[in-house]
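The sequence lines fix the lettering, A, B, ..., with proteins before strands; numbering per chain opens at 1. Just the heavy atoms: all of them, side chains too, but no hydrogens, waters or symmetry mates, feed the values below.
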Number of protein chains: 2
Amino acid sequence: MSAKARRRTTAQLDRAAQVCAQQGAQLTDLRRHVFSLILEAGAPLTAYQLLDRLKLTHKGAAPPTIYRALDFLLEQHLIHKIERLNAFIPCVEAGHRHPAQFLICCQCGVVSEIENRAATNALEHAAEKEGFRPRNTVVEIEGVCAACFRPS
Amino acid sequence: MSAKARRRTTAQLDRAAQVCAQQGAQLTDLRRHVFSLILEAGAPLTAYQLLDRLKLTHKGAAPPTIYRALDFLLEQHLIHKIERLNAFIPCVEAGHRHPAQFLICCQCGVVSEIENRAATNALEHAAEKEGFRPRNTVVEIEGVCAACFRPS
DNA sequence: AGTCGATATGATATAATATTACATTATGGG
DNA sequence: CCCATAATGTAATATTATATCATATCGACT
Ligand SMILES: [Zn+2]
Ligand SMILES: [Zn+2]
Ligand SMILES: [Zn+2]
Ligand SMILES: [Zn+2]
């Protein structure tokens with residue numbers, strides 16, 4: 001991990017601590033540790049991948065350990081779950097709830113988060129047209145990312 | 001089950017058999033049975049819920065039995081998987097691949113499938129703007145359906 | 001009919017993902 | 001200190017999904 005990346009992670013952890021404090025929640029060492037694993041991964045990690053990594057330094061970690069931390073981070077809007085992968089990534093706009101769309105590259109595995117207003121609006125209108133009140137929308141677009149796409 | 005609903009199911013099964021035949025695939029008794037369970041459910045069913053129902057008449061059914069049937073039905077575009085629920089529903093436009101959006105009511109559990117062109121386009125453009133080539137898009141909107149919504 | 005390959009199903013085991021339940025330990029306000 | 005709350009520890013179990021190998025079915029071909 002580069003010095004630059006480490007600085008970024010530290011900044012994100014600090015930001016997260018602020019966000020939690022504002023909500024009257026605490027980013028404990030355990031939660032911070034799990035969050036840092038997600039931040040440093042660069043690709044989505046499943047709960048058990050996180051558990052394996054956590055175990056390296058946190059003997060006695062068990063499934064509830066990781067699922068509780070994940071629930072907390074989700075509640076604080078610090079991470080997102082990618083349903084199709086049963087995996088977790090950091091939120092690029094950490095700390096506040098927002099509509100998002102995820103681009104999942106099936107070649108390199110990278111997932112990037114975008115917030116496209118036109119798409120969000122179109123989905124909301126589509127739902128309203130049916131008399132449906134949206135509360136929480138999941139958009140997961142699988143395909144090939146720009147980096148992986150090469151014209152033949 | 002009403003006579004009307006039974007006729008509808010029969011028509012859908014016949015339609016499905018045609019669709020499969022055109023693809024050189026066969027809707028065997030087993031697959032047809034699983035599909036009929038999904039058609040008659042009225043709400044999404046998980047693989048193990050289907051397995052339990054299948055076992056009533058098909059002694060010896062096991063997880064692979066149901067997962068194979070589901071894989072087949074997905075390949076033939078006869079059903080959809082709702083990722084957030086790990087559950088399956090019939091496709092309203094059975095037999096051909098198409099972009100869709102799912103409206104999941106968190107009160108009554110009903111999932112309805114819509115195909116909104118504006119939303120599909122907006123998502124495609126959002127992806128392309130990032131240089132991303134979409135292959136398969138999942139849109140699952142959780143909220144309250146028209147039937148469940150009552151003004152206070 | 002006999003052989004063959006391809007497809008479908010049977011059967012057992014196991015992997016991967018997630019939750020329940022209850023005990024124990026910090027933490028902070030009174 | 002005492003208590004309530006939040007957080008974590010620990011064991012067991014539930015749910016979802018796949019791997020593997022055996023058996024059956026079926027049509028094409030000889
Ligand atoms: Zn986000
Ligand atoms: Zn890629
Ligand atoms: Zn459909
Ligand atoms: Zn409803």
Shortest non-hydrogen separation from A/L123 to B/A119 and the atoms involved: CD2-CB, 3.7 Å
Nearest-Å distance for atom pair CZ/C1', residues A/R32 and D/dT8: 18 Å
Qualifying residue for side-chain hydrogen bond (donor to acceptor under 3.5 Å, both in side chains) with B/T120, from B/H98, B/Q101, B/E115: B/Q101
Atom pair distance, as rounded to whole Å: NE2 in B/H58 and C1' in C/dA11: 11 Å
Interatomic spacing from CG in A/L70 to CZ in A/R31 - rounded to 0.5 Å: 11.5 Å
Value rounded to 0.5 Å, distance of CD in A/E40 from OG1 in A/T9: 4.5 Å
Rounded distance (Å) that lies between atom C1' of C/dT7 and atom CD of B/Q23: 17 Å
Comparing B/A62 and B/L30 on DNA chain C - which has the more 5′ nearest nucleotide: B/L30
Protein-nucleotide distance (B/H33, atom NE2; C/dT9, atom P), rounded to Å: 13 Å
Distance in angstrom units between A/E75 CD and D/dA7 P, rounded: 10 Å
B/F88 ring center within less than 6.0 Å of B/H80 ring center: no
Nucleotide D/dT8, atom C1' - distance to CD1 of A/I66 in whole Å: 13 Å
OG-CG distance between B/S36 and B/L13, expressed to the nearest 0.5 angstrom: 6.0 Å
Interatomic distance, B/L70 CG vs D/dT18 C1' [rounded to whole Å]: 13 Å
C/dA11 phosphate, OP1 or OP2, under 4.0 Å from B/T65 side-chain N/O: no
Between D/dT10 (P) and A/L51 (CG): distance, integer Å: 13 Å
Sequence-aligned protein contact record of nucleotides 14-30 of chain C, with B where the base is within under 4.0 Å of a protein heavy atom and S where only the sugar-phosphate is: ---BBBBB---------
